[in-house]
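As structure tokens, the structure follows; a few thoughts come after it.
What's counted below: heavy atoms across the whole structure, side chains too, no hydrogens, waters or symmetry copies. Worth saying up front: this structure is predicted, and the values here are computed from it rather than measured. In what follows, chains carry the letters A, B, and so on, assigned in the order in which the sequence lines appear, proteins first and then strands, with residues in each chain numbered from 1.
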2 protein chains.
Amino acid sequence: MHIAGTRARIRPMPPSALSTSAEEPVTLRERKKQRTRRALADTAVTLFGARGFDGTPLDALLEQVEVSRRTFFRNFRSKEDVALTAVKQLWDAYLEAVDAAEKSGPLADVLLGAMLATLERMDEDWYRRFPPTLRLVADSPALDGHALRHCAEVQEELVRRLGVPDRLELRLLIEFFVAAWHCTLDEWLPDCAPGELPALLRRSFASMTSALTLEA
Amino acid sequence: MHIAGTRARIRPMPPSALSTSAEEPVTLRERKKQRTRRALADTAVTLFGARGFDGTPLDALLEQVEVSRRTFFRNFRSKEDVALTAVKQLWDAYLEAVDAAEKSGPLADVLLGAMLATLERMDEDWYRRFPPTLRLVADSPALDGHALRHCAEVQEELVRRLGVPDRLELRLLIEFFVAAWHCTLDEWLPDCAPGELPALLRRSFASMTSALTLEA
DNA sequence: AGCGAAAGTGCCACAGTGTGGCATTGGCTC
DNA sequence: GAGCCAATGCCACACTGTGGCACTTTCGCT
């Protein structure tokens, strides 16, 4: 339902942490922390991928990375959170891309262009971790719920950053954009060939207008 | 992300239970069970509404209704589940309405018409419980995640029931429909005047095409 | 270099959710 | 009525997430 605005504020958590094209932090402390976070996120995907998200106790992950529960929860909000690291990285990068994009012409094209730019910017490591993450999400309702919730937050953020007079149409457009993205992922999921994702996304966008006039 | 098809099957739970226009079950046993479920769902909305969803332990609800934890979990999948009863009732009714609708002309109109019909069918009791439920969802990320997840399941079901040659466009349309519905609820939420909901929904639908061509 | 401050970490205990096992109750069927 | 069976209640347990506190490491400053 994700109603915008009235939502209770969420605590910030370490500032987005692992961004893909990260400027390496200078202090030793920060780098150490980053390494722990990265190890947790990486191991989470492989471990959950092997034994299932619901079927893997958090302790299994902690044991493998040799980190205490207390430390884990200082770095991630929840078990779902660490599993969805790749997804969050994508959206973080996307928001940056939207900020950087030139806002002229049809807004739909701006949103599409920003995503295409984002997909180009993501590195090889991300493309290795994203597909397994999607499969995790597809297999665990709990994870899916968290992913959708995160998406809703991104949408609110987009509305905030793209603010225009007519709120309703902007909200609709952003919802449509995310919807098209989800449909695209559905089609991409079986093969997950990185090169095909932009083409699939363009195809989804091209189908949007005709979808509205689809006959029974 | 809600990828269709590959999703793990969910256990059925008592057949939807509390439907709004329910044919009363004959046996005393069934009626008793229904009463318990109804009491749990009703009390949940008021109790969570008063003390917050996250701030209310499940035990508080169980104590008030005088039901053991074991019994509760035989009737509802989770704490979130019971809180979202009104939402689930709506979608259950909507799926029925879609089945009953005549599938001719633009599919978007079919989907819209089915929702308008559903809104007319919902009884007064439901209109009393739905707005508080929405506010609960707006205040608790966990609830929102569950609600979105449920929505995704409904969408998969819709694709299944409306199956047409071109899957992509159908999926897109259904996503757009749900998106429009969510936007409508956002606008309805502040006042929650039952009579205004259909008009708001029509307005959202009318804005769909222009949203796609919105200029920056 | 050294030293105090601050941040990160580990360990422990606890609240809350959700599940399995098993006895008991209460309604349904004959 | 008597037996049968579903529903319930009670107990114990696994797992997630949090708070408190002590200990170690790093940072910034002298």
Give the rounded distance in Å between these two atoms: [atom1] of [X] and [atom2] of [N].
| X | N | atom1 | atom2 | result |
| --- | --- | --- | --- | --- |
| B:L61 | C:dG18 | CG | C1' | 15 Å |
| B:K33 | C:dC28 | NZ | P | 13 Å |
| A:L58 | D:dG17 | CG | C1' | 9 Å |
| B:N75 | C:dT17 | CG | C1' | 17 Å |
| A:K79 | C:dG18 | NZ | P | 14 Å |
| A:R31 | D:dT25 | CZ | C1' | 14 Å |
| A:F73 | C:dG16 | CZ | C1' | 13 Å |
| A:R35 | C:dT9 | CZ | P | 11 Å |

Any donor and acceptor pair, going by atom type alone, linking the side chain of [X] with main-chain N or O of [Y] inside 3.5 Å?
| X | Y | answer |
| --- | --- | --- |
| B:Y94 | B:L111 | yes |
| A:R37 | A:N75 | yes |
| A:K79 | A:T56 | yes |

> Yes or no on salt bridge (Lys or Arg N to Asp or Glu O under 4.0 Å) for A:R128 and A:E124, after CA distance, side-chain angles and deciding distance?
Replying inline: CA-CA 6 Å; A:R128 221 188 53 241; A:E124 193 188 337; over 6 Å; no

> If only side-chain N and O atoms of B:K32 are considered, is one of them under 4.0 Å from the OP1 or OP2 phosphate oxygen of C:dG27?
Replying inline: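 For C:dG27, OP1 or OP2 has a side-chain N or O of B:K32 closer than 4.0 Å.
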
All N/O pairs under 3.5 Å across the protein-nucleotides 11-14 of chain C interface:
none

> When you match A:F72 and B:T36 each to their closest nucleotide on DNA chain D, which lands nearer the 5' end?
Replying inline: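 Residue closer to the 5' terminus by nearest nucleotide: B:T36.
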
>> Holding to ring-ring contact (aromatic ring centres under 6.0 Å, His included), I want the full list of residues that pass it with B:F53, two or more places apart in sequence or in another chain.
In response: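 Residues passing ring-ring contact (aromatic ring centres under 6.0 Å, His included) with B:F53: B:F48.
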
> So B:R135 and B:D139, salt bridge (Lys or Arg N to Asp or Glu O under 4.0 Å) or not? Walk me through it.
Replying inline: CA-CA 6 Å; B:R135 285 183 238 278; B:D139 284 334; over 6 Å; no

